[in-house]
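First up is the structure itself, then whatever we jot down about it.
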Amino acid sequence: MKKIMLTGDRPTGKLHVGHYVGSLRRRVELQNTGDFDDIFIMIADAQALTDNADNPEKVRQNIIEVALDYLACGLDPEKSTLLIQSQIPELCELSFYYMNLVTVSRLQRNPTVKTEIKMRNFEASIPVGFFTYPISQAADITAFKATVVPVGEDQMPMLEQTKEIVHKFNSVYGETLVEPQILLPDNEACMRLPGIDGKAKMSKSLGNCIYLSEEPEEIKKKVFSMFTDPTHIRIEDPGKLEGNTVFTYLDAFCRPEYFPEFLPEYNDLDELKDHYKRGGLGDMKVKRFLNNVLQAELEPIRSRRKEWQKDIPAVYEILRKGSEKAEKVAAETLRDVKAAMKINYFDDEELIKMQSAKYTEE
Ligand code: TRP
């Protein structure tokens with residue numbers, strides 16, 4: 001079977017370091033292994049509109065930002081197909097048929113959708129499109145016959161929903177759709193990178209993000225304002241690692257080679273952590289190290305972004321070509337789906353013959 005990777009993001013803002021360690025970095029690594037027959041990276045604008053219906057301009061403006069962030073991180077249009085969801089009408093058609101295979105109560109149980117409904121104060125009046133977006137996401141994934149979907153933990157319910165649709169479809173209409181595998185980040189810090197204030201998640205509305213396109217001065221300011229251990233007051237005091245954002249970021253970003261480069265008196269992160277726990281290591285020193293690490297990680301991303309920013313028309317052209325290629329693939333899947341569902345009347349000579357026979361026999 002072919003190995004196909006698919007994933008995507010809603011274009012509602014620039015991407016931040018939480019997106020990077022949660023999924024982007026992995027995508028690029030997977031892309032560069034050359035193990036995949038095809039890779040599709042989707043800018044999910046139609047999904048973004050399910051809870052931004054009255055703000056299309058925001059979605060429109062952020063398409064290019066997300067595309068630039070993708071290219072900046074090292075997604076390579078020669079190896080990965082970058083596409084815009086709304087430009088693939090087949091996805092709507094697939095969604096419409098999948099809707100028959102999902103119950104309202106099943107959608108109501110989706111924990112991610114539940115949280116989002118609370119966050120957006122949708123309790124009293126949930127837009128139908130928003131409520132059903134897990135079905136449309138199943139269409140995104142199955143349209144490209146994706147086998148691997150690298151995403152964050154919050155997307156687990158969407159993958160479960162997709163698998164259920166695949167099973168149901170295949171059992172009712174015959175083997176047609178491919179079951180996808182979720183690929184989660186491999187460490188806890190990457191799975192749930194907190195905002196710089198130590199709050200659960202990085203989010204634009206909380207103002208606690210470090211963006212991939214952030215300038216060095218801004219990164220430094222944010223690192224030095226990070227939440228640590230509020231009980232670690234004097235340098236001699238023993239420090240806690242749990243909930244200590246600076247150490248969570250080091251878990252997510254530090255590479256062994258950064259010690260000889262920036263902090264040669266320690267061999268590795270474990271030694272640094274032990275010293276902090278024992279006492280005698282100040283927050284400032286750890287923050288200076290984290291700042292060096294983040295600057296080293298983000299510098300190549302920022303400079304690649306600046307290169308692409310010089311040729312915005314070329315970026316739109318990449319998206320146009322990618323969307324065109326993606327549509328061809330989705331159209332093939334839709335053809336298979338319609339054949340399986342027996343709604344391919346005009347391609348089905350057997351059907352026409354059978355119906356003719358019925359009436360010539362009379
Ligand atoms: N739900 C994803 C997010 O909020 C975006 C998305 C849309 C997606 N379609 C997808 C992710 C298909 C993976 C696969 O970021």
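Numbering starts at 1 and runs along the sequence shown. Each ligand, and each atom within it, is numbered from 1 in the order the structure gives.
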Taking the six-membered ring of F36, is the NZ or CZ of K3 close enough (under 6.0 Å from the centre) and on axis enough (within 45°)?
yes
For I235, does the CD1 atom sit with more than 12 other heavy atoms under 6.0 Å from it, leaving out its own atoms?
no
Please confirm whether the ring centroid of F289 lies under 6.0 Å from the ring centroid of Y266.
no
List the steps and the verdict of salt bridge (Lys or Arg N to Asp or Glu O under 4.0 Å) for E214 and R305.
CA-CA 11 Å; E214 207 98 67; R305 198 183 204 275; over 6 Å; no
May I ask you to decide if P180's main-chain N or O and T147's side chain share a donor-acceptor pair within less than 3.5 Å?
no
Modelled atom types, side-chain donor and acceptor of D283 and Y276, under 3.5 Å:
yes
Tabulation required: pairs of a nitrogen or oxygen in ligand 1 and a protein nitrogen or oxygen under 3.5 Å; columns are atom names and distance to 0.1 Å; otherwise 'none'.
from	atom 1	to	atom 2	distance (Å)
ligand 1	1 (N)	Q47	OE1	2.7
ligand 1	1 (N)	Q137	OE1	2.9
ligand 1	1 (N)	Q155	OE1	2.9
ligand 1	4 (O)	R10	NE	3.2
ligand 1	9 (N)	D140	OD2	2.7

